[in-house]
Amino acid sequence: MKKIMLLAAVLLAATVARAQDDYNPNRAHEGWYYGVTVGLNVANMAKEEGGDALVRTNGGVFGGYRVGRFLAVQAELLYSGSGTSMYIDEVDDISFDDVVHLNMTYLNIPITAKIYLVKGLNVHVGVQPGFLVRKRLNYRGDKYEVGDKEDCNTYDFCVPLGIGYDFGHLTFDVRYQQGTVDVIKGDDEKTLNTLLCFNFGYKF
């Protein structure tokens with residue numbers, strides 16, 4: 001009986017150790033990985049007289065290669081909301097005379113280097129081209145396709161900076177990014193997209 005109990009204890013300890021190893025974010029998982037991610041953006045547009053921030057959403061897929069214990073290179077494809085809230089008098093013969101949400105939606109492609117510090121904690125930096133998919137106004141729940149998308153630059157570029165944590169299959173990161181391309185064409189003051197992003201992901 002004692003031998004059986006000892007064997008059971010050894011097997012249990014081995015199983016627990018294996019499970020901890022499988023979900024140990026400090027382990028060097030060299031090789032390819034991929035997953036899905038969703039999150040919230042606190043969006044605004046930086047200019048001399050900025051508007052109020054909006055809460056938008058983002059979601060997409062990611063994939064990368066873990067080079068070793070301390071480094072991974074990751075690429076993402078994200079459908080991401082930007083924008084701001086601002087006072088608008090009238091546009092396209094539609095009278096608002098109120099604060100209106102300007103919603104800009106981009107297809108962003110961030111490519112980042114993730115540097116692992118301790119356990120699953122990492123910092124990341126990279127480059128991100130973005131392509132404008134949609135521009136519209138949201139006023140009191142109604143959506144207006146106003147103006148022309150050609151009134152805006154259809155391309156944006158930024159350097160995302162963030163911090164994240166990986167725990168097994170789960171990931172969490174906070175990222176800040178500011179565009180470098182003027183959003184509105186022909187505007188006297190430069191208008192740049194700014195985002196503070198909070199994302200959860202699942203790694204397969």
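Quick note: numbers below take in every heavy atom, side chains included, and nothing from hydrogens, waters or symmetry partners.
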Same cluster for [X] and [Y] if Ile/Leu/Val/Met/Phe/Trp/Tyr side chains link at under 4.5 Å?
X      : Y      : answer
Tyr34  : Val61  : yes
Ile115 : Ile163 : yes
Leu196 : Val55  : no
Tyr155 : Leu77  : yes
Leu40  : Tyr79  : no

Minimum-distance pair of heavy atoms, taken over all atoms of [X] and [Y]:
X      : Y      : answer
Gly81  : Ala43  : O-CB, 4.2 Å
Val174 : Phe198 : CG2-CD2, 3.8 Å
Gly126 : Val159 : O-CG1, 3.2 Å
Pro160 : Cys158 : CD-O, 3.5 Å
Tyr106 : Asp156 : CE2-CB, 4.1 Å
Leu54  : Gly83  : CD1-C, 4.0 Å

Side-chain touch [X]/[Y], heavy atoms, less than 4.5 angstrom:
X      : Y      : result
Phe131 : Thr154 : no
Glu76  : Gln128 : no
Asn58  : Val38  : no
Met104 : Leu132 : yes
Lys135 : Cys152 : yes
Pro110 : Leu78  : yes
Gln177 : Asn108 : yes
Val183 : Leu192 : no

Is a side-chain donor or acceptor of [X] paired with a backbone partner of [Y] at a separation under 3.5 angstrom?
X      : Y      : value
His124 : Ala113 : no
Asn199 : Asp173 : no
Arg56  : Ser82  : yes

Which residue in the set Thr84, Asn193, Thr194, Asp52 passes side-chain hydrogen bond (donor to acceptor under 3.5 Å, both in side chains) when paired with Asn44?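 The residue from Thr84, Asn193, Thr194, Asp52 that satisfies side-chain hydrogen bond (donor to acceptor under 3.5 Å, both in side chains) with Asn44 turns out to be Thr84.
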Just how far is it from atom [atom1] of [X] to atom [atom2] of [Y], taken to the nearest 0.5 Å?
X      : Y      : atom1 : atom2 : answer
Leu117 : Asn122 : CG    : CG    : 7.5 Å
Thr171 : Tyr202 : OG1   : OH    : 11.0 Å
Leu102 : Thr191 : CG    : OG1   : 9.5 Å

Determine, for Tyr116 and Arg66, whether the Lys NZ or Arg CZ falls below 6.0 Å from the six-membered ring centre while staying within 45 degrees of the axis.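 Verdict for Tyr116: a cation-pi partner in Arg66.
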Please walk me through it: do Asp182 and Asn153 pass side-chain contact (heavy atoms from CB on, under 4.5 Å)? CA-CA 7 Å; Asp182 196 356; Asn153 283 305; 4.2 Å; yes
Criterion side chain to side chain contact (heavy atoms under 4.5 Å, CB included) against Leu161, the qualifying member of Thr112, Val123, Val125: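 When side chain to side chain contact (heavy atoms under 4.5 Å, CB included) is applied between Leu161 and each of Thr112, Val123, Val125, only Val125 qualifies.
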Any chance you could lay out the side-chain hydrogen bond (donor to acceptor under 3.5 Å, both in side chains) test for Asn41 and Ser80, step after step, and finish with the verdict? CA-CA 8 Å; Asn41 298 338; Ser80 182; 2.9 Å; yes
Are Phe172 and Tyr165 an aromatic pair, judged by ring center distance below 6.0 Å?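 So the answer is no for these two rings.
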Please confirm whether the ring centroid of Tyr33 lies under 6.0 Å from the ring centroid of Phe204.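 Ring-ring flag for Tyr33/Phe204: false, centres at least 6.0 Å apart.
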Quick test of your reading of the model: are Lys119 and Asp166 salt-bridged, counting only N-O distances below 4.0 Å?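 No, Lys119 and Asp166 are not salt-bridged.
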